[in-house]
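Written below as structure tokens is the structure these notes are about.
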Amino acid sequence: MKSFTEIGNELARQSILPKICSCQHNPIERDSPHWGAIVVNDQGEFFIYTNFTATKTKTAIPYLEIPKSTLTYDFFERPFVATEHHLSPRSSSPSSHEVTASDVRSTPSAASQLRVDRLARIQGTLGVSTHDFAAFLYTSRAGLYKWLDASKNIDLQETKRSRLNKIESLVKAWKECSNAPLKPVLREPLATGKTIYELLTAQNIDDDAVINAFKELAEKLQAKPKSWAQRMAEAGFTRRPVERLMPDEE
Amino acid sequence: MTGPSTDQICAQIDSLGWKAGSVLPQNMLSSIQSFLRNPDNTSPQIDSNDWLIIISQTCDVVQRKLDREPFVEILHCQPQKQLRPDFQWRSTREVDFMPNQETHEEVYLTAHAIKNRYSIPRELLASHSPDPIRTLEGRKVIRLQKWYALRYTRPAWPDAFNNRISNNSKKKLEVALGDLSGNDVEVRIAIANKDRELGDAENYSIAIFFVVDQLAWEKRPDIREKASIAFNTFKTVLKDCNGILLNEELSELINGENFTWQQTKTTDEWNFANLSVD
């Protein structure tokens with residue numbers, strides 16, 4: 001397995017990351033138009049610093065084999081903390097960490113997949129239609145279909161990225177309020193007379209108003225009558241267990 | 001002197017523990033050999049390591065009236081060195097599988113649905129106990145039965161449609177489904193012109209539905225998120241297939257509560273075995 005520094009140097013050599021640093025948590029040259037840096041701090045934690053223009057940094061992240069499940073960070077704006085285990089090879093292949101030309105070619109789709117995963121995760125949490133989700137993101141439905149297509153390499157504009165970050169952070173707040181999807185109460189009138197749909201589709205989202213609305217709606221959801229499936233399950237009517245979706249389980 | 005009554009024979013079969021997934025013991029081979037016939041009337045070669053597995057439903061195996069179920073069906077499975085990926089429940093003709101991962105960790109079997117299936121008189125079971133060592137684990141019994149059911153009930157998608165989904169795409173679709181549980185999510189597909197073999201100039205229009213169990217939808221954001229990611233990846237792969245046109249607007253990740261009877265009738269459950277052409 002290559003060391004983190006070796007990988008970083010290799011990425012720099014391949015121009016995936018324009019700048020590589022290994023330092024003790026020092027600030028990096030943030031003024032550079034395209035920069036990305038891998039930094040190790042004195043606790044041995046690794047950081048990937050980047051600004052959003054460094055598309056190549058996004059391509060570097062999947063290369064580094066950081067498990068997708070850890071990708072809860074905002075890789076557009078904030079540092080990501082990777083610990084040593086993130087760099088462990090997922091396959092036993094000794095060449096899994098070697099940079100090859102084909103790796104570099106194939107990484108854009110991996111980066112696109114990360115984008116799709118991120119968007120899909122948010123939409124899944126909310127349980128809303130593509131039409132409504134597009135309205136939250138201040139884009140068209142057709143535009144969102146493109147964003148949700150991992151075969152397309154797309155660099156989001158700054159305003160779109162900010163909007164996405166905003167929605168993502170609010171979705172986290174919703175998850176803290178409720179496990180339920182937001183969809184059933186999307187157009188439910190709030191005490192203020194507005195709906196959460198209106199609040200989330202406003203050009204300038206009022207965070208406090210949204211958070212208060214989430215709390216109100218979570219309570220409303222709890223007070224709703226039990227669903228048909230819940231009543232059936234409680235009465236002992238359950239579904240037959242079924243096989244996994246995948247054909248091979250051997 | 002009269003032999004046991006047919007009722008006694010059936011009771012004996014039940015008490016010996018015969019059921020779906022039981023394996024015929026080696027010492028039973030001579031008594032059933034004459035019932036095992038190839039199409040050319042020769043006898044199949046049965047080796048000592050082969051598994052003769054009962055695939056009839058247990059309730060039929062132990063049916064109390066002999067004349068109601070005079071025969072039981074068995075599947076002749078032969079060991080092989082490894083599983084062939086394309087035949088792990090992906091073909092409706094041949095199957096490779098592990099019969100029991102707990103007791104026979106390194107045994108891989110193969111069989112052909114029809115060539116290796118035989119019927120033997122049920123009463124023969126009354127004279128023997130099932131193989132005490134070898135038996136199919138429960139989920140494999142269900143899997144085999146479903147595999148047979150699919151052979152007869154699967155929707156026949158046009159070859160021209162199946163051919164447009166390359167092996168590489170199939171693999172990607174499988175990866176997209178990842179570890180989603182069939183208990184939480186059902187994948188369904190609507191195919192326009194599903195009864196026609198279209199020429200290269202025409203596209204198959206499709207819509208994809210990931211139907212999420214209502215309770216999971218209401219209570220499990222993690223399942224909604226996984227399903228949403230899988231849904232979008234699945235769509236991307238299909239959109240990439242030449243000659244397939246995905247209708248994005250109709251495709252949906254949907255709460256099971258809202259998936260209607262009408263939608264059920266207009267769609268087929270996704271199954272990789274449906275894609276087999278050869």
Side-chain angles (χ1 to χ4, degrees), chain A residues 68-69 109 112-131 133 141-142 144-152 171-172 174-175 178-184 221 224 226-234 238-250, chain B residues 83 85 87-90 96-98 101 108 139-140 142-143 146 170 174-175 177-187 212-233 235-237 239-240 248-249 251-257 270-273:
Chain A
K68 280 185 186 171
S69 59
S109 64
S112 299
Q113 186 65 52
L114 292 179
R115 180 193 70 237
V116 172
D117 289 0
R118 185 183 178 201
L119 287 161
R121 189 175 288 116
I122 299 169
Q123 190 178 5
T125 305
L126 297 174
V128 295
S129 69
T130 304
H131 181 272
F133 189 38
R141 189 166 50 177
L144 182 54
Y145 285 143
K146 284 184 191 158
W147 295 4
L148 285 167
D149 186 340
S151 68
K152 290 187 165 54
V171 165
K172 282 179 189 160
W174 170 249
K175 277 175 82 170
S178 174
N179 284 330
L182 193 59
K183 188 179 180 180
L221 275 170
K224 276 187 180 270
K226 286 175 183 169
S227 67
W228 180 84
Q230 278 178 294
R231 283 183 285 123
M232 287 292 280
E234 283 173 11
T238 54
R239 289 179 47 207
R240 287 183 193 280
V242 291
E243 293 287 335
R244 289 182 63 214
L245 291 169
M246 291 285 289
D248 57 329
E249 58 169 31
E250 310 294 359
Chain B
L83 300 167
F87 293 93
Q88 289 179 54
W89 314 106
R90 287 177 176 83
D96 289 5
F97 66 105
M98 296 173 74
Q101 280 162 270
Y108 309 116
R139 66 196 181 103
K140 294 301 167 68
I142 295 168
R143 195 88 209 228
K146 285 191 169 179
K170 283 180 203 167
E174 289 175 12
V175 170
L177 294 181
D179 58 353
L180 277 183
S181 162
N183 283 317
D184 299 322
V185 181
E186 183 169 289
V187 180
V212 182
D213 175 82
Q214 186 180 359
L215 289 176
W217 180 270
E218 290 168 347
K219 306 277 183 193
R220 298 283 305 274
D222 57 323
I223 291 174
R224 290 200 304 276
E225 288 169 7
K226 274 201 309 189
S228 179
I229 291 169
F231 171 64
N232 282 289
T233 310
K235 283 195 306 178
T236 299
V237 176
K239 273 165 67 178
D240 251 9
E248 294 250 35
E249 291 196 14
S251 297
E252 208 173 352
L253 172 72
I254 186 169
N255 178 358
E257 182 189 29
W270 180 271
N271 194 305
F272 285 94

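So you know, we letter chains A, B, ... as the sequences are listed, proteins then strands, and number each from 1. The structure presented is a predicted model; accordingly, all values stated were derived computationally and were not measured.
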- Item | Among the listed options A/A120, A/S129, A/P181, the residue most often paired with chain B at heavy-atom distances under 4.5 Å |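 Max contact count across the listed options: A/P181.
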- Task: Give the minimum heavy-atom separation between B/T236 and A/D149, together with the two atoms involved.
- Result: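 Distance-wise, the nearest heavy atoms are CG2-OD1, 3.2 Å.
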- Closest approach of A/G127 and B/W217, non-hydrogen atoms and distance?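 So the two residues come closest at O-CZ2, 3.6 Å.
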Of the backbone (N, CA, C, O) and the side chain (C-beta and beyond), which part of [X] lies under 4.5 Å from a heavy atom of chain A, both, or neither?
X      : value
B/K226 : neither
B/N271 : neither
B/N232 : both

- Message: Taking side chain as everything from C-beta outward and backbone as N, CA, C, O, which of these in A/A142 sits under 4.5 Å from a heavy atom of chain B? Side chain, backbone, both or neither.
- Response: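 Neither part; nothing is under 4.5 Å.
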- Message: Does any backbone or side-chain atom of A/T130 lie under 4.5 Å from a heavy atom of chain B? Answer side chain, backbone, both or neither.
- Response: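 For A/T130, no heavy atom lies under 4.5 Å from chain B.
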- Any Lys/Arg nitrogen of B/E249 or A/R141 sitting under 4.0 Å from an Asp/Glu carboxylate oxygen of the other?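 Salt bridge between B/E249 and A/R141, a charged N being under 4.0 Å from a carboxylate O: yes.
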- Message: Does this structure show an ion pair linking B/E218 with A/K224, if we count only N-O contacts that are shorter than 4.0 Å?
- Response: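 Here B/E218 does not pair with A/K224 in a salt bridge, since their nearest N and O are not under 4.0 Å apart.
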Quick one: [atom1] on [X] to [atom2] on [Y], what's the gap to the nearest 0.5 Å?
X      : Y      : atom1 : atom2 : answer
B/K239 : A/K152 : NZ    : NZ    : 5.0 Å
B/S228 : A/L126 : OG    : CG    : 9.5 Å
B/R220 : A/N179 : CZ    : CG    : 9.0 Å

- Item | Name of the residue among A/R121, A/Q123, A/R118 meeting side-chain contact (heavy atoms from CB on, under 4.5 Å) with B/I229 |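 Of all the options given, the one that passes is A/R121.
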- Task: May I have the step-by-step check of side-chain contact (heavy atoms from CB on, under 4.5 Å) for B/Q214 and A/M232, ending in yes or no?
- Result: CA-CA 11 Å; B/Q214 186 180 359; A/M232 287 292 280; over 6 Å; no
- Message: Let's go through B/E257 and A/S227 carefully: what are the C-alpha distance in whole Å and the side-chain angles of both, what is the deciding distance for side-chain hydrogen bond (donor to acceptor under 3.5 Å, both in side chains) to 0.1 Å, and is it a yes or a no?
- Response: CA-CA 9 Å; B/E257 182 189 29; A/S227 67; 6.0 Å; no
